[in-house]
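Naming convention: chains lettered A, B, ... in sequence-line order (proteins, then strands); numbering from 1 in each chain.
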Amino acid sequence: MSTATVSHPRLQSRLGGWAARLGRLTWPVRICAVLLVLVGLGAVFAPWLEPYDPTDGDLSNTLVAMSGAHWLGTDAGGHDTFSQLLAGGRTSLLGPLGVVLFSTVFGALVGLFSAWRGGWVDALIGRVLDVMFAFPSLLLAILAVALFGKGLGAPVVAMAIAYMPYTARLVRSLTAQEKTRPYIAAYRVQGHSPAFIALRRLLPAVGPTILAQSTVNFGYALLDLAALSFLGLGVQPPTPDWGAMINQSQAAVLEGQPLSAVLPAVLVVVVVVAVTVIGEHFGDRLAGREAKA
Amino acid sequence: MSTPLLDVTGLCKTYGTNVAVSDLSFTLPAGGSLGLVGESGSGKTTTARMLIGLERPDRGQILVKGEPLAAASRLARAKAVQIVFQDPYLSLDPRLTIRAALDDVLRLHRHPDRAARVTELLDQVGLGAREAAAKPRGLSGGQRQRAAIARALAVEPDVLVLDEAVSALDVSIQAQVLNVLADIRRETGIGIVFVSHDLAVVRYLCDEALVLHRGVVVERGAIEALLTDPQDPYTRLLISSVPHAGWSPEEISEQRRALQQRS
């Protein structure tokens, strides 16, 4: 009983805090957030929302225009475009998510270690990161496909390695700056271990900026992976994917039924713009907070 | 003769060709209070950083209660010497409330009754429940510095180093914090090393002082004697540099030039 009476006001104040935070968002950010939530929900609940099996092509119903039976028409293989868009969201969003998760976690650890150790270790890691910057992510992904075969796995791992230096460099410079602050010196004097200070105190200090950067990286990774699928090197049919849908629907565009090509392209653009706007919004807010502090 | 609380012998530190501290030796008796006085670049902050283990001396030894500080474990070293930094705006973690910051230190040092000790520490520095629940940005400069003092005391150190601990505060707030420090010294018997450029502040808190100039001790002795009868020209310059009635900046500049020509 006592827990309920204590937690209730706490929950209310927390909800109130969230509402106040949402209220401070600008309209473009709110619209982008709503669009992302809708796309995300569509991808998560795709199996329950799809009117047709997205992998099942009905050759008697190819290049059908928008109708009651097929809301967004069908492609040249007779696949329902709406179902493919929903299911394609899963692979199209999962790939960049994997890239961002791996590159953020690994990059943050590398950057943190490098800046914390300093000296020749930092200089060596800095040079290795410089070398890694020389390889374009798409080129590495194509190389990975050549070595390990087509699909989602190899390009995601290759792209994650290519994106890692961006996060590592950011974390390295933020940590190098933060660790000179007296409060970090105070932690050392109090007797805290270097691992505690780096992971429990420094990482949370630079975390929001990493998150803002990773959000923007998500957009770039989505574009790169969609481009790879468009080239036929990424996700392979019949698995639905927005990039692959554009590739598969080139003939449909020539036949005057461009929806199955245009809509996945529109979704790629919407998601990339939305995550970039949200990422930059949080980046700007952090910069403002830093300036005020 | 009993073992001094802090025994510093032949401390040296250079950065490249710049000698920051040269052959510095001093002792601090139990419950004693020593001022390290000098201008910017005199080596006093480098000395403070060596005392708390943030800088490694090139030569020399620091003993606390007869035990070498360099050989102590992380936690033992923390219990031997703590510091209050100059800028209270930067020395507290901006993400933690004052209560959480104090609790953090007590948890690390495995204090058996953390909640009671936090209350005791807050009480000792004159902070209440509102300040305890606030993050540093919600506090004034004086409150932050008192919180930093409480955090340093949480470890129950033998020696407390105060590195220009009141320099960043307004004059009225300086007096409050100095009173808090004087009370703590009286109540706990902690040894204090007060690093400052301000002789008036040092006089309030210290029994003895060392005057440092370019990393070398130019004069040492009881604080009253240093202030009333300074022997070294540099000490005289420091004292006469404090603005007072009839004070002439030109005269001070002239004295400084004369001193530089001599050295």
Go through the atoms of B:P94 and report whether side chain, backbone, both or neither lie under 4.5 Å from a heavy atom of chain A. side chain

Heavy-atom count check: over 12 atoms from other residues, nucleotides or ligands less than 6.0 Å from A:F133 CZ? yes

Mind checking side chain to side chain donor-acceptor pair (under 3.5 Å) for A:R201 and listing every partner two or more places apart, or none if nothing turns up? A:Y187, B:D104

Between A:Q190 and B:A78 (side chain of the first, backbone of the second, donor and acceptor by atom type, cut-off under 3.5 Å), is there such a pair? no

More than 12 heavy atoms of other residues, nucleotides or ligands under 6.0 Å from CZ of A:R200: yes or no? no

dist B:L54:CG -> A:I184:CD1 (nearest 0.5 Å) comes out at 12.0 Å

Would you mind checking which part of B:R137 comes under 4.5 Å of any heavy atom in chain A, side chain (CB onward), backbone (N, CA, C, O), both or neither? neither

Just checking A:F196: does its CZ atom have more than 12 heavy atoms from other residues, nucleotides or ligands closer to it than 6.0 angstrom? yes

Counting heavy atoms not belonging to B:R56, are there more than 12 under 6.0 Å from its CZ? no

B:I52 versus chain A, heavy atoms under 4.5 Å apart: side chain, backbone, both or neither? both

For the NE2 atom of A:H192 and the CG atom of B:L108, what is their distance to the nearest 0.5 Å? 4.5 Å

Exercise answer: donor-acceptor pairs, residues 57-66 of chain B side-chain atoms, under 3.5 Å, sequence neighbours excluded:
| from | atom 1 | to | atom 2 | distance (Å) |
| --- | --- | --- | --- | --- |
| B:D58 | OD2 | B:T14 | N | 2.7 |
| B:D58 | OD2 | B:T14 | OG1 | 2.9 |
| B:K65 | NZ | B:D158 | OD1 | 3.1 |

Pair A:Y183-B:R95, side-chain donor/acceptor within less than 3.5 Å: yes

Pick from B:R74, B:Q82, B:R49: which one makes a side-chain contact (heavy atoms from CB on, under 4.5 Å) with A:V189? B:Q82

Identify every side-chain donor-acceptor pair in residues 26-39 of chain B under 3.5 Å, counting partners at least two apart or on other chains, and give the distances.
| from | atom 1 | to | atom 2 | distance (Å) |
| --- | --- | --- | --- | --- |
| B:S33 | OG | B:L205 | O | 2.8 |
| B:E39 | OE1 | B:Y234 | OH | 3.1 |
| B:E39 | OE1 | B:R256 | NH1 | 3.2 |
| B:E39 | OE2 | B:R256 | NH1 | 2.8 |
| B:E39 | OE2 | B:R256 | NH2 | 2.6 |

If I compare all heavy atoms of A:A186 with all of B:S91, which pair ends up nearest, and what's the gap? CB-O, 4.1 Å

Check step by step if side-chain contact (heavy atoms from CB on, under 4.5 Å) holds for A:R181 and B:F85. CA-CA 11 Å; A:R181 298 199 175 201; B:F85 289 101; over 6 Å; no

Does A:F106 have more than 12 heavy atoms from other residues, nucleotides or ligands lying within 6.0 Å of its CZ? no

Mind checking which of residues 213-220 of chain A sit less than 4.5 Å from chain B, heavy atom to heavy atom? none

Using heavy-atom distances under 4.5 Å, tell me whether B:V84 contacts chain A through its side chain, its backbone, both, or neither. neither

